[in-house]
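Inspection log for the structure reproduced underneath, given as structure tokens.
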Amino acid sequence: MIFVAGASGTIGKLLCNVLNSLNEEFRAFGRSQPESYFDIGNNQWRSGNFDNYESLVQAMDGCDSVFLTCSPGNQMAEHEINVIKVAQELGVKKLVKVSVPNASRIGRTKLQRLHSLSEEFLQQSGLNWSILRPNAFMQNLHGDTQGFNINRKFCLPLEGAEYAFIDALDIAHVAASLITSEGPQNKVFNLTGPDLLTYREVAEIITHISGNKYSFNNITDDEYTEIMKKTGVDTWFIDEILEWFREFRDLNVGNVTSDVKNVLGRAPNNIKHYITKNLSIFS
Ligand SMILES: NC(=O)c1ccc[n+]([C@@H]2O[C@H](COP(=O)([O-])OP(=O)(O)OC[C@H]3O[C@@H](n4cnc5c(N)ncnc54)[C@H](OP(=O)(O)O)[C@@H]3O)[C@@H](O)[C@H]2O)c1
């Protein structure tokens, strides 16, 4: 039985759909069950909180492998370490955790430093572990903080930044493959899409496929902060996104890898595929 922690999130929902289509038995865990585009079939939903140890023990009992993802935030490492501790206590054999590129105690972003704490805890836990470090999700292109605005403009401080965007569905497929396969991994997987692209190039591709004019407008960090504050994004997260923008502008995150292909035996989805498949979002 697989325990999916963070099942209501971007990757978690996709993973549940993939596991369901593979007829794998799983238990989906999150604070509350999402209502839409989520198919857990005959599997069970369990509500709880990563900061509530007992709720985790009750929900995870009987599971032998765990998928773990948690939303970005100050308490993320604490929450993830709680999940790993419960997995240890219950004799879980395998845990697949989502992390970030270049996670490190001396990383330039807070999330790199926080993820390094839960990565290290996992690596020393005695569990069979896999760590997924994905590049930016293609889903961000239509999200609240790194997507286009009502004028179909990407207004972001990202001149020259290069992204190896990955479809979160491919992350879910890699997680499903690792969690259902036999044998130890104990490996870090750097997951990327197949191309390095600037936001300007992405806007051109969307324009070409959708027939609607999309564009990229470079702005300053301060202008970006003002826009995000007006939409109600909290300052912790704005600062964190700005740290990542700097990483991408400095070309520290951009390399394309073959890790998706090595696990799945096929190339990762490219941006054209993603836009075509989700055309209604870009129309
Ligand atoms: N977005 C990117 O481009 C990108 C790139 C690389 C790495 N990452 C990493 O990917 C991870 C995020 O994955 P995602 O986008 O799938 O996450 P997400 O959409 O933010 O979902 C996170 C999941 O964790 C659950 N969760 C959060 N706090 C919880 C708590 N206290 N108790 C129980 N459940 C809790 C959420 O439940 P609720 O529904 O109740 O909130 C949700 O199910 C982060 O570690 C991030 O650093 C993201």
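Source: prediction; values computed, not measured. Remember, it's 1-based here, ligands and their atoms both numbered in the order they're listed.
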Item to complete: Return yes if a side-chain donor-acceptor contact under 3.5 Å exists between Thr109 and Glu243, otherwise no.
Response: no

Practice prompt. Answer with side chain, backbone, both or neither: which part of His115 has a heavy atom less than 4.0 angstrom from an atom of ligand 1?
Written response: side chain

Worksheet, complete the sentence: So the atoms of ligand 1 within less than 4.0 Å of a heavy atom of Val100 turn out to be 7 (C), 47 (O)

Worksheet item: With the threshold set at 4.0 Å, does a side-chain nitrogen-carboxylate oxygen contact exist between Glu119 and Lys97?
Response: no

Worksheet item: Short list, please: which atoms of ligand 1 are under 4.0 Å from a heavy atom of Asn135?
Response: 5 (C), 6 (C)

Discussion item. Tell me the contacting part of Asn140 for ligand 1: side chain, backbone, both, or neither, using a 4.0 Å heavy-atom threshold, strictly below.
Written reply: side chain

Fill in: Asn262, CG atom: more than 12 neighbouring heavy atoms under 6.0 Å
yes

Practice prompt. Could you find the nearest protein heavy atom to atom 6 (C) of ligand 1 and give me its residue, atom name and distance?
Written response: Pro134 O, 3.1 Å

Practice prompt. If you have a sec, work out which protein heavy atom is nearest atom 41 (O) of ligand 1 and how many Å separate them, to one decimal?
Written response: Arg31 NH2, 2.8 Å

Discussion item. Give me the residue, atom name and distance of the protein heavy atom closest to atom 48 (C) of ligand 1.
Written reply: Phe137 CZ, 3.4 Å

Discussion item. I'd like to know whether ligand 1 has Gln75 as a neighbour, heavy-atom separation below 4.0 Å.
Written reply: no

Discussion item. Does only the side chain of Ala7 get under 4.0 Å from ligand 1, or the backbone, or both, or neither? Count heavy atoms.
Written reply: backbone

Worksheet item: More than 12 heavy atoms of other residues, nucleotides or ligands under 6.0 Å from NE2 of His208: is that the case?
Response: no

Practice prompt. Starting from atom 13 (O) of ligand 1, find the nearest protein heavy-atom neighbour and note its residue, name and distance.
Written response: Thr69 OG1, 3.0 Å

Worksheet item: Is the Trp244 ring parallel, tilted or perpendicular to the Phe248 ring (thresholds 30°, 60°)?
Response: tilted

Discussion item. Students often mix this up, so state it plainly: with edges at 30° and 60°, are the rings of Tyr274 and Phe282 parallel, tilted or perpendicular?
Written reply: perpendicular

Worksheet item: Can you list the ligand 1 atoms lying under 4.0 Å from a non-hydrogen atom of Ile11?
Response: 13 (O), 16 (O)

Worksheet entry | Polar contact flag for Cys70 and ligand 1 (N/O pairs, less than 3.5 Å) | yes

Fill in: Identity and distance of the protein heavy atom lying nearest atom 27 (C) of ligand 1
Ser71 OG, 3.0 Å

Discussion item. Rounded to the nearest 0.5 Å, what separates atom CD1 in Ile84 from atom CG in Leu56?
Written reply: 11.5 Å

Worksheet item: Does Asn52 reach ligand 1, in the sense of a heavy atom lying below 4.0 Å from it?
Response: no

Worksheet item: So which protein heavy atom does atom 26 (N) of ligand 1 come closest to, and at what separation?
Response: Phe50 CE1, 3.7 Å

Worksheet item: What is the nearest protein non-hydrogen atom to atom 21 (O) of ligand 1, stated with its residue, atom name and distance?
Response: Gly9 CA, 3.1 Å

Discussion item. Take a 6.0 Å sphere around NZ of Lys153 and say whether it holds more than 12 heavy atoms from other residues, nucleotides or ligands.
Written reply: no

Practice prompt. Decide yes or no for Glu80 and Cys70: does some side-chain heavy atom of the first lie under 4.5 Å from some side-chain heavy atom of the second?
Written response: yes

Worksheet item: Which protein heavy atom lies closest to atom 10 (O) of ligand 1, and at what distance to 0.1 Å?
Response: Val98 CG1, 3.5 Å

Worksheet item: Polar-atom distance check: Pro72 versus ligand 1, any N or O pair below 3.5 Å?
Response: no

Worksheet item: Looking only at side chains, do Tyr53 and Glu89 share a donor and an acceptor under 3.5 Å apart?
Response: yes

Discussion item. Regarding Lys187 and Asp259, does a basic nitrogen lie under 4.0 Å from an acidic carboxylate oxygen?
Written reply: no

Worksheet item: Is it true that the side chains of Asp167 and Gln139 contain a donor and an acceptor less than 3.5 Å apart?
Response: yes

Response to the item:
In terms of its nearest heavy atom to atom 23 (C) of ligand 1, the top option of Ser32, Ala5, Gly6 is Gly6

Fill in: Short N-O contact, Asp221 and Arg249, less than 4.0 angstrom
yes

Practice prompt. Report yes if some N/O of Ser8 lies less than 3.5 Å from some N/O of ligand 1; otherwise report no.
Written response: yes

Discussion item. Just so I know, are the side chains of Glu120 and Arg105 near enough to count as touching, which here means a heavy-atom distance under 4.5 Å?
Written reply: yes

Worksheet entry | Backbone or side-chain N or O of Ala136 under 3.5 Å from ligand 1 N or O | no

Worksheet entry | Side chain, backbone, both or neither: Ser99 near ligand 1, heavy atoms under 4.0 Å | backbone

Fill in: Numbered atoms of ligand 1 (with element) below 4.0 Å of His79, judged on heavy atoms
31 (N)

